[in-house]
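Working notes, structure below.
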Amino acid sequence: MSDKLRLIAKIEPDGGTHEVIGRDAWALKNLMDAGKRGCTPIDRPGPRWSHYVFKLRGMGFIIETVHEDHGGPFAGRHARYVLRSQVTILREMGRAA
């Protein structure tokens, strides 16, 4: 059995139950922990945030993307992802890398 993080997550009230594995599970936990303030790849570095969000949306999780400007030597825009679904973790196995 793999040591990858595995979550059994229920989208409340009737969004179904999903097994979320690996980095997708890591992203879901980070979104849940962040609450209404959401996550950015700047605050919580991860190599493929947009792909994790794409996959979670495909499972039925509602995740808002808020585009924000940032300054500095590499000024531009970044995404802030905010979980809008109410989610209950029914079971957590393994661990995040």
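By the rule that hydrophobic residues join a cluster once side-chain heavy atoms approach within less than 4.5 Å of another member, M59 and I89 end up as members of one cluster. Placement of I21 and W49 in two distinct hydrophobic clusters is found when ILVMFWY residues are connected by side-chain heavy-atom separations under 4.5 Å, directly or transitively. Residues M32 and I62 do not share a hydrophobic cluster, defined by chaining ILVMFWY side chains whose heavy atoms lie under 4.5 Å apart.
Smallest separation of non-hydrogen atoms from A79 and P41: O-CD, 3.4 Å. R77 and D69 get closest at one heavy-atom pair: CG-OD1, 3.1 Å. Listed here is the closest heavy atom pair of A34 and C39: CB-SG, 3.6 Å. Between V82 and G35, the shortest heavy-atom distance links the atoms CG1-O, 4.0 Å. Here the shortest heavy-atom pairing between R37 and R44 reads NH2-NH2, 3.3 Å. The two residues D43 and G38 come nearest to each other via the heavy atoms OD2-O, 4.3 Å.
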* **Pair F61-V20, side chain to side chain contact (heavy atoms under 4.5 Å, CB included): steps then yes or no** => CA-CA 11 Å; F61 295 94; V20 187; 4.2 Å; yes
* Can Y81 and T65 be said to form a side chain to side chain contact (heavy atoms under 4.5 Å, CB included), step by step? -> CA-CA 5 Å; Y81 300 107; T65 301; 3.5 Å; yes
* Intermediate values then yes/no, side chain to side chain contact (heavy atoms under 4.5 Å, CB included), L56 and H18 -> CA-CA 10 Å; L56 291 168; H18 304 277; over 6 Å; no
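With rounding to the nearest 0.5 Å, the separation of CG in N30 from CZ in R23 is 9.5 Å. Considering CZ of R6 and CD of E92, their distance stands at 12.0 Å, rounded to 0.5 Å. A distance of 11.0 Å separates CD1 of I63 from CZ of R84, quoted to the nearest 0.5 Å. Rounding to the nearest 0.5 Å gives a distance of 12.0 Å between NE2 of H70 and CZ of R80. Taking NZ of K36 as the start and CD of E64 as the end, the distance is 12.5 Å to the nearest 0.5 Å. The CG atom of L90 sits 7.5 Å away from atom NZ of K10, with the distance rounded to the nearest 0.5 Å.
Between the side chain of R95 and the backbone N or O of D3 there is no donor-acceptor pair closer than 3.5 Å. Under the 3.5 Å distance criterion, the side-chain polar atoms of T40 are matched with a main-chain donor or acceptor of I42.
Contact of the L7 side chain with the D24 side chain is not registered, since no non-hydrogen atoms from C-beta on lie closer than 4.5 Å.
More than 12 heavy atoms of other residues, nucleotides or ligands shown are found within 6.0 angstrom of CZ on R57.
Ring geometry, Y52 versus W26: the interplanar angle exceeds 60°, so the pair is classed perpendicular (tilted spans 30 to 60°).
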